[in-house]
Amino acid sequence: MPDTILITELQNQLALMQAKLDALQEDKVEMQARIDHLLAELKLSKSQKYGKKSEKAPRGTFNEAEQHKSTEPPKHHKKGKQTLAAHFEREEVEHRLMVLDCPCCGEQLHHCGSEDYSGESECH
């Protein structure tokens, strides 16, 4: 009789352990599903933050400038030297040099740099 009690106790413990094992396996499946879901969310978040971004315009327009068309022609910047406006006061300043010889070639310097002077001033 003691052997049958021992066998019954062992069978009860085995059933209890099997129930615990089944519960742990279910938890494992649920946890793995949650891990997969979180990894998918992380991948989506990274792709939205760091991935290629499409800047597609609505059909029919190329960009915002086409949506807001103006009747005025565009104002382009003029390149090069522009004349001073007439309302500005003009002041003529003349600088006199102490040394009249070119430091490169030693030849005598000549007048240059005024607006009415058309000759070239090159130092060879």
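The model shown is predicted, which means the values in this text are computed figures rather than measured ones.
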Legend entry - From CG (Asp101) to CD (Gln108), nearest 0.5 Å: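 Here the rounded value is 7.0 Å.
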Inset, instruction - Could you pull out all residues at least two apart from Arg96 that satisfy salt bridge (charged side-chain N to carboxylate O under 4.0 Å, His left out)? - result: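 Arg96: salt bridge (charged side-chain N to carboxylate O under 4.0 Å, His left out) contacts with Glu94.
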When the side chains of residues 12-30 are checked against the rest of the protein, which donor-acceptor pairs come out under 3.5 Å, sequence neighbours left out?
from	atom 1	to	atom 2	distance (Å)
Asn12	ND2	Thr8	O	3.4
Gln18	NE2	Asp22	OD1	3.4

Validation: residues 32-41 side-chain donor-acceptor distances under 3.5 Å, sequence neighbours left out:
from	atom 1	to	atom 2	distance (Å)
Gln32	NE2	Asp36	OD1	3.2
His37	NE2	Glu41	OE2	2.8

Legend entry - Remaining members of the apolar cluster that contains Leu42, side-chain heavy atoms under 4.5 Å: none
